[in-house]
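So that the names make sense, note that chain A is the first sequence line, chain B the second, and so on, each numbered from 1.
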Protein chains: 2
Amino acid sequence: MYELILAHIARHVTLDKQEQDAFCAALQHRKLRRRQYLLQEGDICRHDHFVIKGGLRQYEVDADGRENVMQFGFEDWWISDWYSMLTNTPTVYNIEALEDTEVLQIERIKLEQLFITMPKLERYMRIIMLNAFVALQRRVLFMQKPSAERYAEFLRRYAHVEQRVAQQHVASYLGITRETLSRLRSQMIKQRGEKL
Amino acid sequence: MYELILAHIARHVTLDKQEQDAFCAALQHRKLRRRQYLLQEGDICRHDHFVIKGGLRQYEVDADGRENVMQFGFEDWWISDWYSMLTNTPTVYNIEALEDTEVLQIERIKLEQLFITMPKLERYMRIIMLNAFVALQRRVLFMQKPSAERYAEFLRRYAHVEQRVAQQHVASYLGITRETLSRLRSQMIKQRGEKL
DNA sequence: ACTATTTTTTACCAAATGTCACAGGTCCCG
DNA sequence: CGGGACCTGTGACATTTGGTAAAAAATAGT
């Protein structure tokens with residue numbers, strides 16, 4: 001059960017056996033069925049979650065009642081609302097399971113305690129957050145390009161994700177309507193046909 | 001010279017006199033004239049910079065040769081490329097002074113040393129980064145709205161900035177062309193006239 | 001104060017995207 | 001097996017935004 005997460009950590013810092021055990025002891029296993037929620041608007045987010053099976057989407061509902069996807073979370077991803085978690089304020093996000101899903105979650109408090117006794121873990125988390133930050137910066141810059149390029153980039157970077165989530169959610173992530181995405185796709189298929 | 005930055009820190013954590021002095025001793029004062037660069041594409045970013053006077057813009061140049069503004073930095077803001085700084089890799093950003101500008105900069109290494117002896121400082125920096133992260137999330141969600149709303153939100157949140165930077169840079173920040181921004185502005189003026 | 005340069009505004013047209021409506025398909029559950 | 005909920009594809013049309021070019025306005029630097 002802990003293989004995935006330990007391997008993920010090992011990619012960034014080296015924990016000895018004892019540290020690994022201490023970390024895993026703080027984790028809690030949680031199962032969600034498709035369409036169940038890990039977090040809902042108004043909740044205070046008390047955990048960070050690492051996905052070991054399945055997938056989720058994190059979205060907010062805007063003033064017009066539209067759902068805007070902030071990010072997806074599949075195997076090997078951390079997903080949570082860090083702002084709500086670190087400031088103890090109600091979240092604006094919903095995190096819903098797109099498939100039957102399993103996560104390992106850790107309470108904020110336990111995580112902070114571990115940071116003190118295990119600075120390497122803090123280093124790991126800082127790297128994770130930095131990567132998330134950079135990914136957001138890239139996304140902001142990509143939003144400035146035409147939707148066809150955004151979709152192409154999405155396919156390149158998240159090919160496996162695209163297979164598993166409904167197109168309307170991909171569209172929302174890309175900041176376009178499902179109709180536009182559907183048209184982009186049929187154009188791409190047409191072009192491929194011409195080239196063959 | 002250190003008033004602004006100490007006040008900024010005091011808003012988040014409490015340092016005693018000795019800690020304040022230790023921190024200030026690590027800072028370096030740097031002046032830039034309008035159009036000078038604090039950082040250029042390809043450089044490795046070795047400092048974090050706190051603006052005490054003037055203003056800057058951080059932008060990348062994309063494959064089509066367009067400049068896309070990632071963020072502005074005016075008084076009381078930290079500005080830097082954390083990714084380049086923390087991973088020692090060349091940056092993709094340029095940071096240019098929009099006015100005659102003064103910053104206090106601190107080397108990454110010194111900052112990390114201070115984190116060890118002064119955990120409160122690390123806490124402060126984590127809060128700063130968290131705020132930057134949340135601002136980026138908000139921006140991604142706002143990119144999904146029509147440009148008029150984006151501009152209105154920008155005016156609400158950064159009214160003082162809008163006064164000081166060229167409209168083409170605001171447009172770039174918002175992800176629209178300067179022509180579109182210009183048209184938005186004239187429409188808004190017209191509407192105001194009608195309401196009066 | 002004057003010129004050179006940069007920035008903003010405007011008009012016209014083209015392209016991209018959104019909205020609305022409906023049809024067809026799939027999947028789940030009773 | 002059938003009905004309902006959900007998802008995708010498509011067409012007609014409206015709206016938004018971009019591209020280009022030229023003029024007007026603002027600004028910097030001497």
Side-chain angles (χ1 to χ4, degrees), chain A residues 33-36 55 57 59 62-69 72 96-100 142-155 161-193, chain B residues 32-36 54-55 57 59 62-69 72 96-101 141-155 161-193:
Chain A
R33 304 200 50 201
R34 185 173 144 84
R35 295 197 192 223
Q36 271 192 307
R57 71 190 244 261
Y59 67 93
D62 69 18
D64 305 324
R66 292 169 204 262
E67 298 181 354
N68 299 109
V69 173
F72 296 110
E96 180 201 29
L98 298 169
E99 320 170 353
D100 291 350
F142 256 98
M143 285 299 235
Q144 323 230 356
K145 317 221 152 173
S147 57
E149 283 180 54
R150 296 214 291 279
Y151 182 51
E153 169 72 7
F154 181 81
L155 286 181
V161 172
E162 205 267 345
Q163 308 295 333
R164 286 166 72 176
V165 313
Q167 288 182 19
Q168 54 182 333
H169 297 146
V170 174
S172 171
Y173 180 90
L174 295 174
I176 57 180
T177 60
R178 20 203 171 117
E179 291 91 340
T180 297
L181 179 58
S182 176
R183 274 165 210 141
L184 283 178
R185 287 165 57 83
S186 57
Q187 280 171 25
M188 286 170 70
I189 290 168
K190 219 190 294 172
Q191 285 193 355
R192 250 179 237 168
Chain B
L32 291 173
R33 305 199 50 201
R34 186 173 144 84
R35 290 188 201 235
Q36 273 192 305
R57 70 189 243 263
Y59 66 92
D62 68 19
D64 306 325
R66 293 168 203 259
E67 298 181 355
N68 299 109
V69 173
F72 296 110
E96 180 201 30
L98 298 169
E99 321 170 354
D100 292 350
T101 297
L141 293 178
F142 257 99
M143 286 298 232
Q144 323 229 354
K145 317 218 152 178
S147 56
E149 282 179 56
R150 297 214 290 276
Y151 182 51
E153 169 71 8
F154 182 81
L155 286 180
V161 172
E162 204 267 346
Q163 309 294 332
R164 286 167 73 178
V165 313
Q167 287 182 20
Q168 54 182 332
H169 297 147
V170 175
S172 171
Y173 180 90
L174 295 174
I176 58 181
T177 60
R178 5 176 188 173
E179 291 89 342
T180 297
L181 179 58
S182 176
R183 284 183 277 251
L184 283 179
R185 286 165 58 83
S186 58
Q187 281 171 23
M188 286 170 70
I189 291 168
K190 217 190 296 171
Q191 286 193 354
R192 251 179 237 167

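In terms of modelled atom types and a separation under 3.5 Å, the side chain of B/R178 and the main chain of B/A171 share no donor-acceptor contact. No donor-acceptor pair under 3.5 Å is formed between the side chain of B/N68 and the backbone N or O of B/Y59. At distances below 3.5 Å, at least one donor-acceptor pair connects side-chain atoms of B/Q36 with backbone N or O atoms of B/R33. Between the B/R34 side chain and the B/L98 main chain, a donor and an acceptor come within less than 3.5 Å of each other.
Annotation: the span from B/Q167 atom CD to B/R185 atom CZ amounts to 3.5 Å, rounded to 0.5 Å.
Pairing each heavy atom of A/R150 with each of A/I176, the nearest pair is NH2-CG2, 3.4 Å. Closest approach of A/L155 and A/M188 over heavy atoms only: CD1-CE, 4.0 Å. Residue A/S172 comes nearest to A/V69 through the heavy atom pair OG-N, 2.9 Å, listed as atom of the first residue, atom of the second, then distance. Looking at every heavy atom in both residues, B/S147 comes nearest to B/T180 through OG-CG2, 4.2 Å.
The distance between atom CZ of B/R185 and atom C1' of C/dT8, rounded to the nearest whole Å, is 9 Å. Counting to the nearest Å, the C1' atom of C/dT10 and the CG atom of B/L181 are 14 Å from each other. Separating the CE atom of B/M188 from the P atom of C/dT9 is a distance of 12 Å, rounded to the nearest angstrom. For the pair A/R178 CZ and C/dT19 P, the interatomic distance rounds to 10 Å; values are reported in whole Å.
Here the nucleotide nearest the side chain of A/I176, chosen from C/dG18, C/dT19, C/dT7, is C/dG18. Side-chain proximity of A/E179 to C/dC20, C/dG18, C/dT8: nearest is C/dC20. Side-chain atoms of B/R183 lie closest to C/dC12 of the nucleotides C/dC12, C/dT8, C/dT17.
If B/K145 and B/R35 are placed on DNA chain D by their nearest nucleotide, the residue sitting closer to the 5' end is B/K145.
Under the 4.5 Å side-chain criterion, counting only non-hydrogen atoms from C-beta, B/D62 is not in contact with A/Q144. With contacts defined as side-chain heavy-atom distances shorter than 4.5 Å, the pair A/R164/A/F72 does not qualify.
With the end axes of the helix from C/dA1-D/dT30 to C/dG30-D/dC1 each set by five pairs, the angle from one to the other reads 60° at 10° resolution.
Taking a heavy-atom distance under 4.0 Å as the criterion, the stretch of DNA chain D touched by chain A extends 5' to 3' from D/dC7 to D/dA12.
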- Message: Each nucleotide in nucleotides 25-30 of chain C should get exactly one letter: B, S or -. Can you fill that in based on protein heavy atoms under 4.0 Å?
- Response: ------
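The side chain of B/Q167 places no N or O atom within less than 4.0 Å of a non-bridging phosphate oxygen (OP1 or OP2) of C/dT7. Regarding contacts with the backbone of C/dT17, a side-chain N or O of A/S147 is found under 4.0 angstrom from either OP1 or OP2.
The closest side-chain donor-acceptor pair between A/R57 and A/Y173, if any, does not fall under 3.5 angstrom.
At a threshold of 4.0 angstrom between heavy atoms, the contacts of B/T177 are confined to the sugar-phosphate backbone, with no base atom among them. Nucleic acid contact for B/R150: none, since no nucleic acid atom lies under 4.0 Å from a heavy atom of the residue.
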